[in-house]
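Chain naming here is simple, since letters A, B, ... match the order of the sequence lines and numbering starts at 1 in each.
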2 protein chains.
Amino acid sequence: MLIRTHLNPRVLNAEYAVRGPIVIRAQQLEEQGKKIVYCNIGNPQALGQRPLTFIRQLLSLVEYPALLGHPEALQFYPNDVVERARMILLRHPHGTGAYTQSAGIPLIRAAVADFISKRDGIPASKDHIVLTDGASKGAQSVLMALLRDDRDGIMIPIPQYPLYSATITLYGGQQIGYHLDEHNGWQLDEAVLSESIERAKSQGTSPVAIAVINPGNPTGGVLSEENIRMVVHFAKQHRLSIIADEVYQENIYTEGAGFHSFARAMHAMGEHSVSLFSIHSVSKGFLGECGHRGGYLEIRNVPDDVLAQFIKLQSIQLCSNVPGQIATYAMVAAPQPGDDSYALYVRERNDVLSSLKKKAEILDRGINAIEGMSLVSPLGAMYAFVKIDLPPERHVDLEVMDPDERKEYEAMRDSKYCMALLEETGICVVPGSGFGQQPGTLHFRTTFLPPLDEIEKLVTKLKSFHEKYVRELELA
Amino acid sequence: MLIRTHLNPRVLNAEYAVRGPIVIRAQQLEEQGKKIVYCNIGNPQALGQRPLTFIRQLLSLVEYPALLGHPEALQFYPNDVVERARMILLRHPHGTGAYTQSAGIPLIRAAVADFISKRDGIPASKDHIVLTDGASKGAQSVLMALLRDDRDGIMIPIPQYPLYSATITLYGGQQIGYHLDEHNGWQLDEAVLSESIERAKSQGTSPVAIAVINPGNPTGGVLSEENIRMVVHFAKQHRLSIIADEVYQENIYTEGAGFHSFARAMHAMGEHSVSLFSIHSVSKGFLGECGHRGGYLEIRNVPDDVLAQFIKLQSIQLCSNVPGQIATYAMVAAPQPGDDSYALYVRERNDVLSSLKKKAEILDRGINAIEGMSLVSPLGAMYAFVKIDLPPERHVDLEVMDPDERKEYEAMRDSKYCMALLEETGICVVPGSGFGQQPGTLHFRTTFLPPLDEIEKLVTKLKSFHEKYVRELELA
């Protein structure tokens, strides 16, 4: 019989804190009847966010095309949805039932290219789009293709979304962490990038790409155009490909601040020699359709024979799921003024976004008012990466620890904090060590997805828990 | 800019003939207006197979639950489908919109366990089921977990479905091919297995698992219970895990011949020490729902900490797509006598299966009547692996070639044949070398999925093409 030690050590070593031991404990407590507030994962519809009617109507018709032959059935669908469903099934008669081309249905890839082109005012081509099962699969394809062996490294932010660290571990490459600047709205810092890449090289690692998450996960930070240009220069100078994780591009809640894509910045700079992989998803934004696992990978500035390798990689898994492809279509080709769906679509979209904005503000104000807790505002994406100050433990002397010991101690410390928070309040968050953090700092990541009234209670509960936890530490 | 030589050599080396150069050429010809008969891939609905109404109705309601509030809308759905949709949404209120548990919705895993238990008369547990994006992802997880480094090897059949060879190449393990016995209905042969494993060991490869595809792809062969028991003994003796690819379990068209699962055989043998991974899918059988990418992995005879690693692997990709999970539910929990859907479900299922049976018979008879072509009957799955005899080329002396040269020559020869077949007739099949074959033999794989009248024409066209091709070779 297979035992643990027979398994691939890279699988054993891969860690994905967003669904780690604290979440497993939360599920146990929930089964025992405790109310859990799941703030561990960006899973909006699990916390009461409603799906957009337009998307679900479209999927419902495309799944069951027989309805299109029943005028009475169609009274439950706006005309533009009916027309779209007919158009999709006319141009793609196999609907959701057959494998598509490996890269995805051409009609939908063309709609994605059109979306990018309109968003950024730049050219885009359907032949450079691969439809993927969520953005995660897009990122994993890129990492699989770029990591030649265990000497190759990918620059990833600290803190980062653990898909990156886990996948690099699985595929046997090196992580080259670069710290984001918490004091500067979680922007990237050129000096830090340079120091980090030089240290990696001096240790024999060959950097092949830099991954950037914008807006940030877990930070919620939004990069300025200037910051993005700096990264492009840096990538060019060091011959790195760029992996731009742009799944939160609609989740920016500050007047004036906007989303700047890497594609647009590179186009504006006239930069056509840095290879760019950007990913997007139906799971975030105002759709929150996590369960549909839809998304795309756009590939720029690579020769055709390299592009062909990405299509081949996709072909080994045949194609991404077709309902997810349809959901991606609905994301990039939204109802337009004049469409019957338009008014409802706009109202539902604005409701989601304004609710997220309101909740971000409550969390922001509330947490920054707690002594010993702070976070960087304004918040983008769906997350706050909350800094917590804990008094030192008397019996622990940080000075005598080597860096690895210290990291382990701090990981134990923030995990213990989050576990205690869960046991006491039912609030489930992810320890900062699951994403990485500056040595000597402690954090947790929380989403601001729970309903409004729960977010208010959350702040109150966090405050009293933190005060009690600190008091007990001081008395210990 | 990224160029080809910067890419992971394992990605460059991975080959997936089912969507390889011949298929790419077919798409070009199609764009130029040529009619192509796609026999390259088991994609039933792309070739006119109709989806089962039951599945699509269920998906349509679960995607758009608002319909459940409109009695007039529900007149287009049978009562049992409406009840199922309500039950799913009651027990899983987030429907298709949220990430599920990493292993999949518990209700659906329980239904899968129940299906296995009833099919085989053995116990099964929902906690040993992982819902996956099609069966491919299940197989890939297992290979990822079992291959520790490039000294580990997986025994795979020759001919095999190239998912296995491609994935082993991607993950950096060794293929240990074992030839199936074409003269004995493509069964496994113990002496061949032994010889193959001993040769691998003598070359420094450490065998960790044996993959068996039953019913066979590309062979269409169906393994006897005795043959399966032999494999279980062999695996036990050599401490191998078993990967049982059982996605064609419903595709057996011969009276008397039945599907025997590895799980059932092992249970009957009282064998609880050999680890078993079995995969199944909604893409094949009589559903043919390839586009939904639904499937499951059942894991037996592993300790809990090993099981946990497979759930963790799934968690890194969050979960499989939820419409695919619902389609899997519809597969394992079909309508029962007394349900409003039952009569139509049975009729549609039987239509699909009897049509496949009829087409298999036509292909079987037709091809075996062509001089220089033959195939093993009866045919299971959706494929025929057709043996073709070509006269030797005068200028080629096989005797002076080493085995690698000879393999390459034969691969070139069957690819050339299939390309010529495509150019001349529009029939798109996959060369035998894409699956592997006995040295000195040439094959191609064709599905028997095209509509009945096309299958008849296909046989006629194959005959005249083959005769002409042979004549030209003889004259050359």
Subject >> Portion of B/Pro303 that has a non-hydrogen atom of chain A nearer than 4.5 angstrom >> reply: both

Original post:
Looking at CD of A/Gln317 and CG of B/Asp133, how far apart are the two atoms once the value is rounded to the nearest 0.5 Å?
Top reply: 9.0 Å

**OP:** Against chain B, label A/Ser320 side chain, backbone, both or neither, depending on which of its atoms sit under 4.5 Å from a heavy atom there.
**Re:** backbone

Subject >> Worked check of ring-ring contact (aromatic ring centres under 6.0 Å, His included) between A/Tyr64 and B/Phe76 >> reply: CA-CA 11 Å; A/Tyr64 186 34; B/Phe76 299 97; 8.7 Å; no

**OP:** Identify which of A/Ser273, A/Pro65, A/Ser136 forms the greatest number of heavy-atom pairs closer than 4.5 Å to chain B.
**Re:** A/Ser273

Original post:
What distance separates A/Leu318 CG from B/Leu163 CG, expressed to the nearest 0.5 Å?
Top reply: 8.0 Å

Original post:
Are any of the side-chain heavy atoms of B/Leu170 and A/Tyr171 separated by less than 4.5 Å?
Top reply: no

Subject >> B/Thr100, part contacting chain A, at a heavy-atom distance under 4.5 Å >> reply: backbone

Subject >> Interface residue of largest heavy-atom contact number with chain B, from A/Gln75, A/Arg293, A/Glu63, under 4.5 Å >> reply: A/Glu63

Original post:
If we only count heavy atoms from C-beta on, is the B/Val208 to A/His6 side-chain gap below 4.5 Å?
Top reply: no

Original post:
Any side-chain heavy-atom pair from A/Leu2 and B/Leu146 closer than 4.5 angstrom?
Top reply: yes

**OP:** Starting from the C-alpha separation in whole Å, work towards a yes-or-no answer on side chain to side chain contact (heavy atoms under 4.5 Å, CB included) for B/Asn8 and A/Gln309.
**Re:** CA-CA 10 Å; B/Asn8 179 346; A/Gln309 293 296 320; over 6 Å; no

